[in-house]
Amino acid sequence: MTSDTSEISLRDVTVILPTKNEEEAIGLVIDEILSVGVPLSNIIVVDGYSTDRTREIAQEKGVKVILQEGKGKAMAIATAVKYVKTRWVVIMDSDYTYPAKHIPDLLRKAMSENLDEVIGARLIGRENIPAIFRLGNWALTKTFNLIFGTSLRDVLSGMYIVKSDVLREINFEMKGFSVEVEIAAHVASTSGRISEVPIEYRKRLGEKKLKVYHGVKIFVDIIRLAWRYNPTFLIFAVGSLLLIPGVVLAGYVAAMYLLYGIKCWAKGLLSAILCTTGLNSLLLAIFAIYLKRAECRILQNIRRLVERLCA
Ligand SMILES: Nc1nc2c(ncn2[C@@H]2O[C@H](COP(=O)(O)OP(=O)(O)OP(=O)(O)O)[C@@H](O)[C@H]2O)c(=O)[nH]1
Ligand SMILES: [Mg+2]
C-alpha cells in the first residue's frame, strides 16, 4: 500500500480518537494525522475523563475535544459519532501504536472496493503486541471468523475505517473494548462488505488500558453477537457439544465389552443417541454458517443493484 492521496479526499474523513490518560501520545498522534492531510476540523478527541493533561494538549492543538457520555471505549465512540459530518470515519487508538500514514490506505481500499468497513490488520511490527495479547487476538479472530463467516486476520485492531451511515446503525450494546467486534459483526452480517489492509503496529506510549480479563469479556460478547446475528449457528453449535459425552460413553461401553465381555445396552443406546444428535447438530451448525454467508452475498448483491438503480 502507498500513501498516495491523489485519487481520494481526506476531507471526507473524520478521525475519532478515544482517549483516557494519553498525555504522552495524543500530541504526536494529532500531529501525524494532520501531516497526512486530514483537516484539523475533522479530528475529534473523545475523552473518558482523563486525569492527566490529555484534554489540555488536544485543545492546544486546535482539534475538537469532547467528553464522552457513559463509560468505556464503546460509549466514547457512540458519543463522538453524533458529531460526525463526513461520509467516512476512521477510529484509531490515541496511544501512538497506529501510524496515521495508513489512513489513506484504509480510505482508498474502502472506496475502490465499495466496502463498509476496512480494518487495519496489524501484520507489521507484531512483536510490539505482548505475546499473551497476540495469542488472545488470534483466538478471538478465529472464533469471530468461524461464527460470522469472515476471513479476517485482526478483528480487534484499534484502527479501522467505517462508513458513517453504517456506524450510526450500531447499537453500541457491547461495552468497552468489545466495540470493534460489534461493528465488525454488524457489517459482516448485514452487507458483508468488510475487509482489511495490512498496517504497521508500533510500541505503545503510556499505560495500556486493555487487560487480559477483557479477552474473556470480548469472547462472551462474540457469543452474544452470534445470538443476535446468527442464532441458528449458536443453537446447533451448543447441540454439537453432546458429541463429547457421547464419545466418552461410547468409549466406556466399548472398553467394558472388549476387556470384560460386559454388554451395557442402556449406556450404549444413550451414547448412540448423544453421538447422533451431536453429529447432526455439528453438521447443521456448519450448514448455518454457509447459509449466513449466502445471505450476506445475496444482501450485498441486492444493495449493489439498488445503488445502480438509484444512480
Ligand atoms: N474515551 C475513552 N477512551 C478510552 C477508554 N478506555 C480506553 N480508551 C482509549 O481507547 C484506546 C484503546 O485503549 P488501549 O489501552 O490502547 O487498548 P488496546 O488498544 O486494546 O490495547 P493496546 O493498544 O494493545 O494497548 C486508547 O486510545 C485509550 O486511551 C475509555 O474508557 N474512554
Ligand atoms: Mg491501543
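We use all heavy atoms of the structure for the numbers below, so side chains are in, but hydrogens, waters and symmetry mates are not. All values derive from a computational prediction rather than experimental measurement. First listed ligand is number 1; within each ligand, the first listed atom is number 1.
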Check: What residue and atom, counting heavy atoms only, is the protein's closest point to atom 9 (C) of ligand 1, and at what distance?
Finding: P18 O, 3.6 Å
Margin query: Using a plain distance cutoff, I'd like to know if V46 has any nitrogen or oxygen under 3.5 Å from a nitrogen or oxygen of ligand 1.
Written below: yes
Checklist line | Nearest-neighbour protein heavy atom for atom 24 (O) of ligand 1, which is reported as residue plus atom name and distance | finding: K208 NZ, 2.3 Å
Check: Going by the order shown, which atoms of ligand 1 are within less than 4.0 Å of some heavy atom of G48?
Finding: 1 (N), 2 (C), 32 (N)
Checklist line | Interfacing atoms of ligand 1 (cut-off 4.0 Å, heavy-atom, E22) | finding: 26 (C), 27 (O), 28 (C), 29 (O)
Next item on the list: Before signing off on this row, confirm whether D93 and ligand 1 have an N or O atom pair separated by under 3.5 Å.
Entry: yes
Notebook entry, point to check: When rounded to the nearest 0.5 angstrom, what is the spacing between CZ in R204 and CG in N128?
Noted result: 12.5 Å
Next item on the list: Please state which part of N21 comes within less than 4.0 Å of ligand 1, counting heavy atoms only: side chain, backbone, both or neither.
Entry: neither
Note to self: Can you confirm whether F219 is buried at CZ, in the sense that more than 12 heavy atoms of other residues, nucleotides or ligands lie under 6.0 Å from that atom?
What the structure shows: no
Notebook entry, point to check: For G72, is the nearest heavy atom under 4.0 Å from an atom of ligand 1?
Noted result: yes
Check: If you stand at the Mg ion (ligand 2) and look out to OD2 of D93 and OD2 of D95, what angle do those two lines make, to 10°?
Finding: 120°
Next item on the list: Flag the pair D47 and K20 as a salt bridge only when some basic side-chain nitrogen lies within less than 4.0 angstrom of an acidic carboxylate oxygen.
Entry: no
Next item on the list: List every atom of ligand 1 that sits less than 4.0 Å from any heavy atom of D95, numbering the atoms from 1 in the order shown and giving each element.
Entry: 16 (O), 23 (O)
Notebook entry, point to check: What is the nearest protein non-hydrogen atom to atom 20 (O) of ligand 1, stated with its residue, atom name and distance?
Noted result: L210 CD2, 3.5 Å
Margin query: Residue-level breakdown please: for F177 versus ligand 1, do any non-hydrogen atoms fall below 4.0 Å on the side chain, on the backbone, on both, or on neither?
Written below: side chain
Next item on the list: First locate atom CD1 of I33, then atom NZ of K61, and finally report the distance between them rounded to the nearest 0.5 Å.
Entry: 11.5 Å
Checklist line | E180/K73 ion pair, N-O < 4.0 Å | finding: yes
Check: Which residue holds the protein heavy atom closest to atom 15 (O) of ligand 1, what is that atom called, and what is the gap in Å?
Finding: K209 N, 2.7 Å
Check: Just by distance, do the side chain of T54 and the backbone of E22 share a donor-acceptor pair under 3.5 Å?
Finding: yes
Check: Do the charged groups of D221 and K175 touch, with an N to O distance under 4.0 Å?
Finding: no
Next item on the list: Salt-bridge test for R153 and E196: reply yes if a basic N is under 4.0 Å from a carboxylate O, no otherwise.
Entry: yes
Item checked: Proximity of S94 to ligand 1 by residue part, where a heavy atom lies under 4.0 Å -> both
Checklist line | Nearest-neighbour protein heavy atom for atom 10 (O) of ligand 1, which is reported as residue plus atom name and distance | finding: K73 CD, 3.7 Å
Checklist line | Shortest reach to atom 2 (C) of ligand 1 by a heavy atom, considering only K71, K20, M92, Q68 | finding: Q68
Margin query: Considering both backbone and side-chain atoms of D47, is one of its nitrogen or oxygen atoms within less than 3.5 Å of a nitrogen or oxygen in ligand 1?
Written below: no
Check: Are R202 and Y96 in a cation-pi setup, meaning NZ or CZ lies under 6.0 angstrom from the ring centre and within 45 degrees of the ring axis?
Finding: yes
Item checked: R204 and ligand 1 - part of the residue with a heavy-atom distance under 4.0 Å -> side chain
Item checked: Check: Y201 N/O within less than 3.5 Å of ligand 1 N/O -> yes
Next item on the list: May I ask you to list the atoms of ligand 1 that are less than 4.0 angstrom from any heavy atom of A76?
Entry: 1 (N), 2 (C)
Checklist line | Check against salt bridge (Lys or Arg N to Asp or Glu O under 4.0 Å), D165 and R87 | finding: CA-CA 7 Å; D165 287 346; R87 182 152 189 255; over 6 Å; no
Margin query: Please determine whether the number of non-hydrogen atoms from other residues, nucleotides or ligands lying under 6.0 Å from atom CZ of F287 exceeds 12.
Written below: no
Item checked: N/O donor-acceptor pair under 3.5 Å between E200 side chain and Y98 backbone -> no
